[in-house]
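So the structure is just underneath, and the comments pick up after that.
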Amino acid sequence: MQYYSLGKQSPPVNFKTAAITGQAPDKGLYFPSEIPQFTAAQIERFKTLDKASLAFEVMKPYVGGTIDDATLQQICAETIDFDFPLVAITSTISSLELFHGPTLAFKDVGARFMSRCLGYFSKQEKVASASPTTKSTTVLVATSGDTGGAVANGFLGVEGVNVIILYPKGKVSPIQELQLTTCGQNITALEIDGSFDDCQAIVKEAFMDTDLNQQYHLTSANSINVARWLPQQLYYFFAWQQWVKKYQDADGNYPAMHIVVPSGNFGNICAGMMAKASGLPLGHFVAACNANDVVTRYLATEKYEIHTAVATVSNAMDVGNPSNFIRIREILQNNFTHLTNALTSYSINDATTKSTIARVYKTNNYTLDPHGAVAFAAAELYLSKINADPLNKDTQNANDSKVVILETAHPVKFPEVVEEAIGEKIEVPASVQFLLDKTKVSIPLAANYTSFKEWMLQ
Ligand SMILES: *Cc1c(COP(=O)(O)O)cnc(C)c1O
């Protein structure tokens with residue numbers, strides 16, 4: 001398996017190089033040279049395979065021999081070592097809860113997989129060069145909240161890899177801040193006196209800075225990196241396993257599993273579309289967006305107009321120019337008709353997001369986080385659309401029209417919005433209770449590149 005650059009100027013590389021470098025030299029995103037095709041017999045077997053074995057079988061073709069099987073098996077088992085329950089909210093909408101990992105958001109899976117791969121490659125390099133002076137890898141990442149915690153937790157203690165997280169001062173929630181500032185060891189948190197966009201701009205400039213790149217082996221840990229992006233496919237396999245178990249009849253039939261994904265950078269939904277392209281029998285995809293609706297508008301008008309991101313209550317999706325959308329286009333052969341047949345998108349405003357949290361809590365006794373609420377509201381719009389359209393093939397069995405929403409974070413990560421909507425305090429889960437006794441350690445920096453570079457070179 002090779003990875004080519006969607007910039008089309010750089011040569012193809014293997015999984016190891018793609019994971020270590022993040023982005024191609026031409027600044028394009030890497031994309032697999034072929035999408036593995038699972039046979040009907042394999043898919044049948046996947047229905048009952050345990051999660052770790054399934055993860056191994058899905059990831060093995062993508063890793064393409066750059067990690068030996070025994071190590072990859074262990075990496076996969078550690079990556080998915082928690083629950084991914086599919087929980088019914090209403091008779092037609094179920095929630096795939098992706099917040100049972102160590103930092104309570106779905107980014108844990110990608111961060112855990114990527115950190116272990118880089119740790120393995122770094123060890124391999126050390127053995128191969130037998131030199132103690134080999135440049136260690138430095139992961140540089142800007143976060144609006146969830147990525148930082150997941151990356152800190154995933155990389156903590158990984159030898160040969162240092163992590164530097166830039167986060168905007170005062171703009172992440174208290175639990176998010178503790179998650180990324182209390183690790184110590186190989187994790188450093190820089191508290192930037194500015195916005196998320198300032199953090200992102202500093203990281204981008206660092207990747208282009210020849211002085212820095214001479215001293216450090218810099219790489220990114222966002223969903224541009226194939227080692228973080230591709231393992232997100234596993235959610236869709238795990239959801240489908242539970243769906244089949246719940247709905248399959250004696251003849252082996254089950255209703256189509258349509259999926260609504262709260263989307264920002266479009267890495268998660270793009271991974272789901274890869275899973276479908278490799279043969280997993282999934283239904284239709286719906287991208288649920290907040291006011292940052294470049295894709296929603298594109299699907300309606302075929303005009304791709306980027307705007308600077310606006311702040312919303314579902315802030316992990318405040319992205320003006322989603323980096324992974326180009327990969328979705330590639331999956332669908334850059335054909336607009338294929339795209340609109342495969343993907344629907346709705347934009348949900350903050351007022352609806354908040355009222356959805358309140359209503360679902362009251363009516364269904366389920367606490368959504370703001371991102372899950374955007375997905376729930378979009379799911380209702382999608383259901384009313386397919387149920388209203390007699391020609392739509394999805395409604396042949398109108399009573400069977402059902403969707404899964406991905407619940408991407410635990411509501412406790414967004415206490416201000418959620419507690420106001422439900423009128424109650426959210427209990428802090430035991431798994432993060434310990435954080436509340438820890439002391440934040442961060443390095444305050446001004447929001448400009450010069451301050452950052454001085455700090456790096458000192
Ligand atoms: C990152 C994130 C998203 C958006 O995921 P993308 O892969 O960037 O589309 C949605 N919800 C939460 C809670 C997130 O942390």
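Each ligand, and each atom within it, is numbered from 1 in the order the structure gives. All values reported here derive from a predicted model rather than from experimental measurement.
Annotation: Q232 places no N or O atom under 3.5 Å from an N or O atom of ligand 1; distance criterion only. The shortest N/O to N/O separation between F266 and ligand 1 falls below 3.5 Å. Considering backbone and side-chain atoms alike, F414 places every N or O at 3.5 Å or more from each N or O of ligand 1. At a 3.5 angstrom cut-off on N or O pairs, N268 counts as close to ligand 1.
To the nearest 0.5 Å, the span separating CG on N225 from CG on L118 amounts to 6.5 Å.
Around atom NZ of K27, more than 12 heavy atoms belonging to other residues, nucleotides or ligands sit under 6.0 Å away.
Distance alone, capped at 3.5 Å, is enough to place a donor-acceptor pair between the Q232 side chain and the W229 backbone. With hydrogens and angles disregarded, no donor-acceptor distance shorter than 3.5 Å links the side chain of E416 to the backbone of S173.
Judged by distance alone, the side chains of E191 and S442 do bring a donor and an acceptor atom under 3.5 Å apart. No side-chain donor-acceptor contact under 3.5 Å links N153 and T103. A donor and an acceptor atom, one from each side chain of N162 and T138, are nowhere located under 3.5 Å apart. A donor and an acceptor atom, one from each side chain of D318 and T312, are located under 3.5 Å apart.
Under 4.0 Å from ligand 1, the heavy atoms of K107 that appear belong solely to its side chain. Within the 4.0 Å heavy-atom criterion, the part of D146 lying near ligand 1 is the side chain and not the backbone. The proximity of K413 to ligand 1, defined as any non-hydrogen pair under 4.0 Å, does not occur for either the backbone or the side chain.
Look at A105 and you'll find every heavy atom at least 4.0 Å from all atoms of ligand 1. Heavy-atom separations between S223 and ligand 1 are all 4.0 Å or longer. Taking 4.0 Å as the cut-off, F99 does not count as a neighbour of ligand 1 on heavy-atom distance.
Interface atoms of ligand 1 facing P262, defined by a heavy-atom separation under 4.0 Å, are 4 (C), 10 (C). Near G267, with a cut-off below 4.0 Å to any heavy atom, the atoms of ligand 1 are 6 (P), 7 (O), 9 (O). Listed by number with element, the atoms of ligand 1 under 4.0 Å from a non-hydrogen atom of A409 are 13 (C).
H217 has its side chain within reach of I20: a pair of non-hydrogen atoms, C-beta onward, lies under 4.5 Å apart.
Under a 4.0 Å N-O distance rule, the pair D108/R112 does not qualify as a salt bridge.
When the options N222, N265, N315 are ranked by their closest heavy atom to atom 8 (O) of ligand 1, first place goes to N265.
Nearest to atom 11 (N) of ligand 1 among the protein's heavy atoms is T408 OG1, 2.8 Å.
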